[in-house]
Amino acid sequence: MDFADSTASTPSIPPSNDAASSQGEHYVTALSEDHDTTCWGCGLRLLVPPYAPAFKCSWCGAITNWNAVKIENKNFKWRRLRDRCFVGVLVVFMLIVICGGVWAIFPIVFSISYFCGSVHSLIAVALSISTLSTFGLAAFRSAGAPPDILWGSYPAVKKGGLENYTFCQYCSKPKSPRAHHCRSCGMCILDMDHHCPVIGNCVGAANHRSFIIFLISAIISTIYVSTISVYAAFHFWPPLSHNPIHLGQKFLLRTLKDVLFAFLESTLFVPARGLVIVYLFIASVSIQISLSVLLWQQLCFIYEGKTYLSHISTSEGNETTEKDCQNLIEFFGCPSTTTRFLPIYFSSRKKHKK
């Protein structure tokens, strides 16, 4: 009787729709169970929530993605053939520039002075060897494959041995957090910066320095070619016939127009050697501008201690990066004593917020 009285004293209020829905959602969440799965890194069985898109093993530190599927690397051979064909064309172009410069410029330089011609010949040989050798190292050397490590077996994988490693669905093996998979090269590249069509290869940990030295050597070579082309053209080009220069904006434009027409008329009397010199000048100036922009971009990333891919993946305002000239010194492999000869402003380690 007491139980009946207590029950009757409790008011019976029907639940609203919102309350029913919230109770239903809470009911479903309460009954969800963890899934039993196996870690690809160490092989241990783990209990993970079903709604987590990825989980991290508490033993080895490997990260598993539920949504990852096996991906086939299609058209790899065609990409590789395309890169190698482009490299072959670029090598032929560099040989044409070298041979064309020797045929068109150096006879004129030697006719002016034998000593001057000998000095310029040594400079041209040194720049040619430097550019071709660094290009070969950057193009045909491996960009940096991640080291092979043990995985899949609990006794072999130590505690934290695969910290933040993911599983590459292309290579079917572990991928370190510093590595990225390149579909053109068909492999994971350690500290990958980008896949460069100029060298037909990735720029990574093993050939990044060779790539930067190639850019520096190529820029110096193109500056030398453009300068020596102007020097040679100045000594054999026929004189231009034009009216005297007058002051004033209107007369200045007319004078420039007369000089341009006089230059075009003089090309009719220039031999084939002169046309080759004009082509070498235009080609060298255009190449050195594009390579200078690329070199400046690369040096900025190295100064920030980043690569191109890490610069893209970094979210704005969420990370403090360390920018210092010490990054450039370490990149080029200079001894630590080099910082003693730098000013305090450049040798001090500074932190900048993005």
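Below, each value reflects all heavy atoms present in this structure, side chains not excepted, and no hydrogens, waters or symmetry copies. The residues of the chain are indexed from 1 along the displayed sequence.
Side-chain contact between C185 and R80 is present, with heavy atoms from C-beta onward closer than 4.5 Å. With a 4.5 Å cut-off on side-chain heavy atoms, M94 and T131 count as touching. Side-chain contact check for T222 versus V285: every heavy-atom pair is 4.5 Å or farther apart.
Taking the six-membered ring where the residue is Trp, the centroids of Y165 and W151 are separated by 6.0 Å or more. Close placement of the H208 and F331 rings is indicated, their centers lying within 6.0 Å of each other.
Looking at N65 and Q169, their side chains never bring a donor and an acceptor atom within 3.5 Å of each other. Side chain to side chain, S310 and T307 meet the donor-acceptor criterion of an N or O pair below 3.5 Å. Checked by atom type, the side-chain pair N201/H195 shows no donor-acceptor distance below 3.5 Å. With hydrogens and angles left out, the side-chain atoms of S217 and S130 include a donor and acceptor closer than 3.5 Å.
Counting non-hydrogen atoms of other residues, nucleotides and ligands closer than 6.0 Å to OH of Y279 gives a total of 12 or fewer. For Y308, the OH atom is loosely surrounded, since the number of other residues' heavy atoms within 6.0 Å does not exceed 12.
Judged by distance alone, with hydrogens and angles left aside, the side-chain atoms of D191 form no donor-acceptor pair with the main-chain N or O of A205 at under 3.5 Å. Under a 3.5 Å cut-off, the side chain of W103 and the backbone N or O of I98 do not form any donor-acceptor pair.
A chain of hydrophobic side-chain contacts below 4.5 Å, direct or via other Ile, Leu, Val, Met, Phe, Trp or Tyr residues, connects V102 to V97.
Taking a cutoff of 4.0 Å between a charged side-chain nitrogen and a carboxylate oxygen, E163 and K158 do not qualify as a salt bridge.
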